[in-house]
A.B. asks: 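Handing you a structure now.
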Amino acid sequence: MIFADKSLLDSLRQNDLLTINNQSHKRTWGYYYEQYHKAFRVFLEIAKQKRYQTKRRFMPFMFIMRHSLELFLKEKISKTMTPWEQYGTTHNLEKLYQFANINDQEFLKHLDCLNCNSEGDCWRYITDRNGTPYFQERKEIHAFDACNYYCLFLDNDTSFTNASTDKKLQSELTFHTTDYHTLGIIGTQYDFAIIDILLAIQEGKILINDIYLPLLFLLRHSLELKLKASIIELGNVVKEKDRSKVYQTHNVKKLYDMLAKHTDNAIESITNPQFKKQSEDLRNATEKYKDIIKLLDANSHLFRFPKDKESNDANFIPQSDCVSKILKLYKKSDPFLCFAVPVLFEAGVLKIEDDKEREYYEWVLSL
């Protein structure tokens, strides 16, 4: 939970900095690419400050860079005769590169750190759909060369080339995979990325109309990660078939319903009126957050791509106030998403797995 500063949201709303001009929305690869590209440029400018901030948003940093490149490649491919079936639903950059007619044999070599020969889920989750960790051993990831190539190739920007001997910048862009070992940690990283974009909007570095798609994705993914983390915190009191679904589904309604099976009954059993009312209010805000995300992008596709899986135009056109509404619910629901399980367990109204209970008390004693 990092969004405790109410003044940021108030400032953005009061200065009308969150209102989207939805008449300009386009369902094209180029339009989506430009939005994600500008989001990554925000993160690059923060990296250049060399204040060890990038390590705290390593996963979204890598994903937004990779996704920008995917959209760039698909925009190129869409102008060729390549059949949709060969490029439309894959996220594998090596495969996409083969169809994009890019005259640069070094493209994949420079971007090797992004795991190009994969679907890229390792930058959004800890494990694959079977629960197997993406990084089973400690791995050091050096992203400087990829960032340098990204800037040169897409913007003819030499700012990273000129800093090639800057050890602080090299360190800023060096990451260790074992530092990010839970979905809760990854959720917090996505929160930091959300704040980065909001601050850039507040400071006039970018307009909401130029960046609302990646911002909506980050908000949606933060919700998905926190729901999954909360279900995992319950341990084996969750039915085995539901525990496997945590790794396999992106559907926020299904995830919320899995969690609610346990937290709703716990809240109903609270005897302290004030605590019960507070818990109900937080639960209701979370349910509304889930509902609005479900309505706009239930399965994590529409904020990322202009086409659906059958190549039709994506069924998403933003309302002018949708970012403002979602941010309000994001802030209100965050305490529930981050702390509902431990708080309700500590209150004696929620059952969790014995091993999870032991982990919880060991964590408390370590504080």
A.B. asks: Is Asp257 salt-bridged to Lys261, going by a charged N under 4.0 Å from an acidic O?
C.D. replies: no
A.B. asks: Looking at Asp334 and Lys331, does any basic side-chain N land under 4.0 Å from a carboxylate oxygen?
C.D. replies: no
A.B. asks: Examine distances only and state if a side-chain atom of Ser118 and a backbone atom of Asn115 form a donor-acceptor pair shorter than 3.5 Å.
C.D. replies: yes
A.B. asks: Is any side-chain heavy atom of Phe72 closer than 4.5 Å to one of Ile102?
C.D. replies: yes
A.B. asks: Using a 4.5 Å cut-off on heavy atoms from C-beta on, say whether the side chain of Arg41 contacts that of Cys151.
C.D. replies: yes
A.B. asks: Got a sec: does the CD of Glu140 have more than 12 other heavy atoms crowding it under 6.0 Å?
C.D. replies: yes
A.B. asks: Could you check whether Arg56 makes a cation-pi contact with Phe192, meaning its NZ or CZ is under 6.0 Å from the centre of the six-membered ring and within 45° of the ring axis?
C.D. replies: yes
A.B. asks: Regarding Lys277 and Glu280, does a basic nitrogen lie under 4.0 Å from an acidic carboxylate oxygen?
C.D. replies: no
A.B. asks: Are Tyr32 and His67 close enough that their ring centres sit under 6.0 Å apart?
C.D. replies: no
A.B. asks: Using modelled atom types and a 3.5 Å cut-off, is there a donor and acceptor pairing between side-chain atoms of Glu94 and backbone atoms of Cys116?
C.D. replies: no
A.B. asks: Do His221 and Phe63 have ring centroids that are under 6.0 Å from one another?
C.D. replies: no
A.B. asks: Once the angle between the rings of Tyr212 and Tyr31 is folded into 0 to 90°, is it parallel (under 30°), tilted (30 to 60°) or perpendicular (over 60°)?
C.D. replies: tilted
A.B. asks: Verify, without hydrogens or angle tests, whether Asp155 (side chain) and Asp157 (backbone) share a donor-acceptor contact under 3.5 angstrom.
C.D. replies: no
A.B. asks: Strictly by side chain to side chain donor-acceptor pair (under 3.5 Å), give each pair with a member in residues 72-81 just once, sequence neighbours left out.
C.D. replies: Glu70-Lys74, Glu75-Lys79, Thr80-Thr82
A.B. asks: Can the ring centres of Trp123 and Phe135 be said to be less than 6.0 Å apart?
C.D. replies: yes
A.B. asks: Do other residues, nucleotides or ligands put more than 12 heavy atoms under 6.0 Å from Asp10 CG?
C.D. replies: yes
A.B. asks: Does Lys276, at its NZ atom, have more than 12 non-hydrogen atoms belonging to other residues, nucleotides or ligands within less than 6.0 Å?
C.D. replies: yes
A.B. asks: Return the NZ to OG distance between Lys226 and Ser230, rounded to the nearest 0.5 Å.
C.D. replies: 9.5 Å
A.B. asks: Between Glu172 and Gln49, does a side chain to side chain contact (heavy atoms under 4.5 Å, CB included) hold up when you go through it step by step?
C.D. replies: CA-CA 9 Å; Glu172 179 80 17; Gln49 296 171 15; over 6 Å; no
A.B. asks: When you look at NZ of Lys55, are more than 12 heavy atoms from neighbouring residues, nucleotides or ligands closer to it than 6.0 Å?
C.D. replies: yes
A.B. asks: Taking the six-membered ring for Trp, are the ring centroids of Phe58 and Tyr180 within less than 6.0 Å of each other?
C.D. replies: yes
A.B. asks: Looking at Arg57 and Asp191, is there a salt bridge between them, counting it only when a charged N and a carboxylate O are closer than 4.0 Å?
C.D. replies: no
A.B. asks: Report the C-alpha separation of Phe175 and His142 in whole Å, then their side-chain angles, then the decisive distance to 0.1 Å, and conclude whether the ring-ring contact (aromatic ring centres under 6.0 Å, His included) test is met.
C.D. replies: CA-CA 7 Å; Phe175 314 112; His142 300 274; 9.2 Å; no
A.B. asks: Step through the shown structure and confirm whether more than 12 heavy atoms of other residues, nucleotides or ligands are within 6.0 Å of CG on Asn315.
C.D. replies: no
A.B. asks: Between Thr19 and Asp321, is a side chain to side chain contact (heavy atoms under 4.5 Å, CB included) present by the stated rule, with each step listed?
C.D. replies: CA-CA 5 Å; Thr19 302; Asp321 61 349; over 6 Å; no
A.B. asks: Between Asn21 and Ser320, is a side-chain hydrogen bond (donor to acceptor under 3.5 Å, both in side chains) present by the stated rule, with each step listed?
C.D. replies: CA-CA 6 Å; Asn21 174 15; Ser320 60; over 6 Å; no
A.B. asks: Do Leu114 and Met65 come within less than 4.5 Å of each other through their side chains, counting heavy atoms only?
C.D. replies: yes
A.B. asks: Tell me if the centroids of the rings in His110 and Tyr150 come within less than 6.0 Å of each other.
C.D. replies: no
A.B. asks: Quick one, Leu255 with Leu259, criterion side chain to side chain contact (heavy atoms under 4.5 Å, CB included). Give me CA distance, side-chain angles, the key distance, then yes/no.
C.D. replies: CA-CA 6 Å; Leu255 291 167; Leu259 179 63; over 6 Å; no
A.B. asks: Are Phe153 and Phe107 close enough that their ring centers fall under 6.0 Å?
C.D. replies: yes
A.B. asks: Donor-acceptor check, side chain of Asn251 to backbone of Asn299, threshold 3.5 angstrom: yes or no?
C.D. replies: no
A.B. asks: Between Glu224 and Arg220 (salt bridge meaning N to carboxylate O under 4.0 Å), is one present in this structure?
C.D. replies: yes
A.B. asks: Could you measure the distance from the CZ atom of Arg129 to the NZ atom of Lys245? Nearest 0.5 Å is fine.
C.D. replies: 12.5 Å
A.B. asks: Classify the ring geometry of Phe40 against Phe43: parallel below 30°, tilted from 30° to 60°, perpendicular beyond 60°.
C.D. replies: perpendicular
A.B. asks: Would you mind telling me which of Arg243, Met258, His262 makes a side chain to side chain contact (heavy atoms under 4.5 Å, CB included) with Leu234?
C.D. replies: His262
A.B. asks: Quick check: does any side chain N or O of Thr132 sit under 3.5 Å from a backbone N or O of Asp128, one acting as donor and the other as acceptor?
C.D. replies: no
A.B. asks: Start with the C-alpha gap between Phe217 and His301, add the side-chain angles, then the distance that decides, and say whether ring-ring contact (aromatic ring centres under 6.0 Å, His included) holds.
C.D. replies: CA-CA 9 Å; Phe217 160 73; His301 191 85; over 10 Å; no
A.B. asks: Could you check whether any side-chain N or O of Asp166 sits under 3.5 Å from a backbone N or O of Lys168, counting only pairs where one atom can act as donor and the other as acceptor?
C.D. replies: yes
A.B. asks: Give a yes or no on whether the backbone of Lys95 and the side-chain of Asn92 come within a donor-acceptor separation of less than 3.5 Å.
C.D. replies: yes
